[in-house]
Chemist: 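Sending over a structure as structure tokens; questions will come in a sec.
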Amino acid sequence: MNAAQYSKKSGAKTTALVEAEVAEAIASCGGDVRAALRATLIANAYLEAEIERLTEAISTGFARGRMRKAHLNGSRRFRGQRSCNDYD
């Protein structure tokens, strides 16, 4: 199998896994696609805030300049995750 064939096979597998995760997210929100998207956006904002917090907590000496400060202009930050049902 050459690199192009491997890439196509790997891409198809990745696509199938992503589709399964999307279906699971929608199912966990009772079939409500908007609620699943809302929950995903909130979770993403929470994770972005965690990355920013942890990046700030790492000492410059430890990171040896490898960590860049993330600038999340205008993004919303949430302290906790919520489920789809918290917004009904």
Chemist: If you measure from CD on Glu52 to CG on Leu47, what distance do you get to the nearest 0.5 Å?
Modeler: 13.0 Å
Chemist: Any idea which heavy atoms bring Ala25 and Ala36 closest together, and the distance?
Modeler: O-CB, 3.8 Å
Chemist: Once side-chain contact (heavy atoms from CB on, under 4.5 Å) is applied, do any residues pair with Val22, and if so which ones, sequence neighbours excluded?
Modeler: Val18, Ile26
Chemist: How long is the span from the CG atom in Leu17 to the CD atom in Glu21, to the nearest 0.5 Å?
Modeler: 6.5 Å
Chemist: Between the side chains of Glu50 and Arg53, is the shortest nitrogen-to-carboxylate-oxygen separation below 4.0 Å, so that they form an ion pair?
Modeler: yes
Chemist: To the nearest 0.5 angstrom, please state how far the SG atom of Cys29 sits from the CD atom of Glu24.
Modeler: 10.5 Å
